[in-house]
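Following: one structure in structure tokens, then a few remarks.
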Amino acid sequence: MIILPQIQGVVARSCHPFGCQAAISEQISKSLSQQSASDALPKRVLILGASSGFGLASRIALAFGPAKAATIGVSFERGMSEKGIGSAGWYNNIFFHEAAEKAGLISTNILGDAFSAETREQVAKAIEQDLGGQVDLVVYSLATGIRPNPETGEFWRSAIRPVGETVEGYSVNFEKNSLDKVSLPPATEQEIDETVKVMGGEDWLSWIQFLSERNLLSTGCETVAYSYIGPEHTHAIYHKGTLGLAKTHLHNTRDDINVLLENIEGNANIAVCKALVTKASVFIPGLTPYLLALYRVMKEKGLHEGCIEQMNRLFYSKWQNHTERDEENLIRIDDWELRDDVQQEVNALLAEMTPDSFAEIGDYKGVLGEFLQLNGFEFPSVDYTQEVDIEALKTLRP
Ligand code: NAI
Ligand code: NA
């Protein structure tokens, strides 16, 4: 079978397994060349949300960079079925594991709903069996639109909306190569509450409580969750909207987790990342014009980073250096994005950007290219005209 990209709006309905493998190798080589001044690196790491985006990059950075960590990765992905080839994250898990094994690194994939009690039990068992009973770091990198309410069996659903005002903006459509007008009405109270349930800190806290009660966290254990703040220009749709309120909840939860970890001298952290193309971020209505402008400016200035560059910088240059945190004790790897010179140029581009000019004014080619690469397409090293052996792929397990 020849596998071609199938894009619906901002969602990829197909992926190329060998392109996913190429993406993993590229990220690995960027972590292999890292150096660290510190020896105090986490050796046993649990990653919740390990199959794509920042979670996958965290896993690669920690396993293949100087930490050489053993990892357990939890994710929610689908394999091949009559419906299709499966998700990119499924193949990312497979090829990460294959590369880790080859390098003599312990790696375990757990496929399941990170919100469920069953997945918690599976993780506990894997920490006992594969990591010798404790972890030194828990990375919390879930991005999802739904979370089951264990009491009712129904779902909380996030709604990415402004709060208190209607916002007009534009969202990209990768299927039609267009920038489409969107009008975002203000969130209802219920939409705000549910977004905080899904993307706030409650589940992060509950994971740490669970692991702590089972004595699965080592002395001095760290945990980190990822956040976004962004510049003034995006505040109406993000920072001051429902997602931003969920992130504020996440930041407050860090303080609760710190109290919980006091007896083991543990530490909870928030790393504020830069805006990047991921499966989750292209879904945020109104954000794309900013991404298009940001990509162009940061590339022109030689400051562009993808997930792996961000995570290498997080763990190998920012992590140990507590003097680099801001007044709210947040780790800022959005520092380059928020530089004045970057933001001034971004604003100038945004002022000119229209549905007719977005592809020339912004880095549409680059943003689309990264989106396709997330799904295993557009890798120069892969020959996309080659037949893919579906039967052979079916035998691969994460
Ligand atoms: P992503 O969509 O690439 O990754 C999400 C991960 O969560 C995947 O591994 C997926 O399998 C997993 N997942 C989702 N639902 C799950 C479930 N029920 N059970 C188990 N696993 C599940 O997303 P991305 O962008 O890497 O987001 C990770 C975090 O980084 C989020 O908190 C996001 O807000 C934050 N962030 C993202 C930025 C961006 O521009 N992409 C910027 C700053 C922060
Ligand atoms: Na992730």
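Counting convention: from 1, in listed order, for ligands and their atoms alike. As the structure is a computational prediction, the values presented were derived from the model and not from experiment.
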> Would one find an N or O of Ser51, backbone or side chain, under 3.5 Å from an N or O of ligand 1?
Replying inline: yes
> Using the ring of each side chain (for Trp, its six-membered ring), is Phe377 parallel, tilted or perpendicular to His16, with breaks at 30° and 60°?
Replying inline: perpendicular
> N/O to N/O below 3.5 Å, does that happen between Met199 and ligand 1?
Replying inline: no
>> List ligand 1 atoms under 4.0 Å from Ser227, heavy atoms only on the residue side.
In response: 43 (C), 44 (C)
>> Tell me the nearest of Ser141, Ala50, Gly89 to atom 6 (C) of ligand 1, using heavy-atom distances.
In response: Ser141
> Of all the atoms in ligand 1, which lie at a distance below 4.0 Å from a heavy atom belonging to Lys279?
Replying inline: 2 (O)
>> Is the contact between Leu142 and ligand 1 made by the side chain, the backbone, both, or neither, using heavy atoms and a 4.0 Å cut-off?
In response: both
> Within 45° of the six-membered ring axis of Tyr295 and under 6.0 Å from that ring's centre, is NZ or CZ of Lys274 located there?
Replying inline: yes
> Are Arg313 and Trp336 in a cation-pi setup, meaning NZ or CZ lies under 6.0 angstrom from the ring centre and within 45 degrees of the ring axis?
Replying inline: yes
>> Please list, in number order, the atoms of ligand 1 under 4.0 Å from a heavy atom of Asp113.
In response: 17 (C), 18 (N), 19 (N)
> Do Asp203 and Arg120 meet the salt-bridge criterion of a basic N to acidic O distance under 4.0 Å?
Replying inline: yes
>> With salt bridge (Lys or Arg N to Asp or Glu O under 4.0 Å) as the criterion, how do Lys301 and Asp341 come out once you've worked through the C-alpha distance, each side chain's angles and the decisive distance to 0.1 Å?
In response: CA-CA 10 Å; Lys301 290 180 177 289; Asp341 60 327; 3.2 Å; yes
> When the ring planes of His233 and Tyr290 are compared, do they come out parallel, tilted or perpendicular, using 30° and 60° as the limits?
Replying inline: parallel
>> Using a 4.0 Å cutoff against the non-hydrogen atoms of Lys274, which atoms of ligand 1 qualify?
In response: 40 (O), 42 (C)
> Should you measure from each heavy atom of Phe115, which atoms of ligand 1 turn up under 4.0 Å away?
Replying inline: 18 (N)
> With atoms numbered from 1 as shown, which atoms in ligand 1 lie under 4.0 angstrom from a non-hydrogen atom of Glu77?
Replying inline: 10 (C), 11 (O)
> Among Gly112, Ala88, Gly73, Ala57, which one has a heavy atom closest to atom 20 (C) of ligand 1?
Replying inline: Gly112
> Between Lys279 and Val10, does a side-chain contact (heavy atoms from CB on, under 4.5 Å) hold up when you go through it step by step?
Replying inline: CA-CA 8 Å; Lys279 190 171 149 185; Val10 291; over 6 Å; no
> Do any heavy atoms of Lys247 fall under 4.0 Å from ligand 1?
Replying inline: yes
>> Taking Thr278's backbone N and O only, do any of them form a donor-acceptor pair with Ser281's side chain (distance below 3.5 Å, no angle check)?
In response: yes
> Going by an N to O cut-off under 4.0 Å, is there a salt bridge joining Arg44 and Asp136?
Replying inline: yes
> Would you call the rings of Phe315 and Trp319 parallel, tilted or perpendicular, where under 30° means parallel and over 60° means perpendicular?
Replying inline: tilted
> Counting each atom of ligand 1 from 1 as listed, which ones have a heavy atom of Ser281 under 4.0 Å away?
Replying inline: 39 (C), 40 (O), 41 (N)
> Counting heavy atoms only, which of Gly145, Gly49, Ala143 comes nearest to atom 14 (C) of ligand 1?
Replying inline: Ala143
> Which of the atoms in ligand 1, numbered in the order shown and given with their element, are less than 4.0 Å from a heavy-atom of Cys273?
Replying inline: 43 (C)
> Does any N or O atom in Ser75 lie less than 3.5 angstrom from one in ligand 1, N or O only?
Replying inline: no
>> Has Gln320 got a side-chain atom pairing as donor or acceptor with Ser38's backbone, closer than 3.5 angstrom?
In response: no
> Looking only at N/O atoms, are Ala114 and ligand 1 under 3.5 Å apart anywhere?
Replying inline: yes
>> Regarding atom 37 (C) of ligand 1: of the candidates Tyr226, Phe54, Tyr140, which has the closest heavy atom?
In response: Phe54
> Can Glu168 and Lys181 be counted as an ion pair, charged N to O under 4.0 angstrom?
Replying inline: no
>> Could you work out, for atom 4 (O) of ligand 1, the closest of Gly53, Ser52, Ala275 by heavy-atom distance?
In response: Ser52
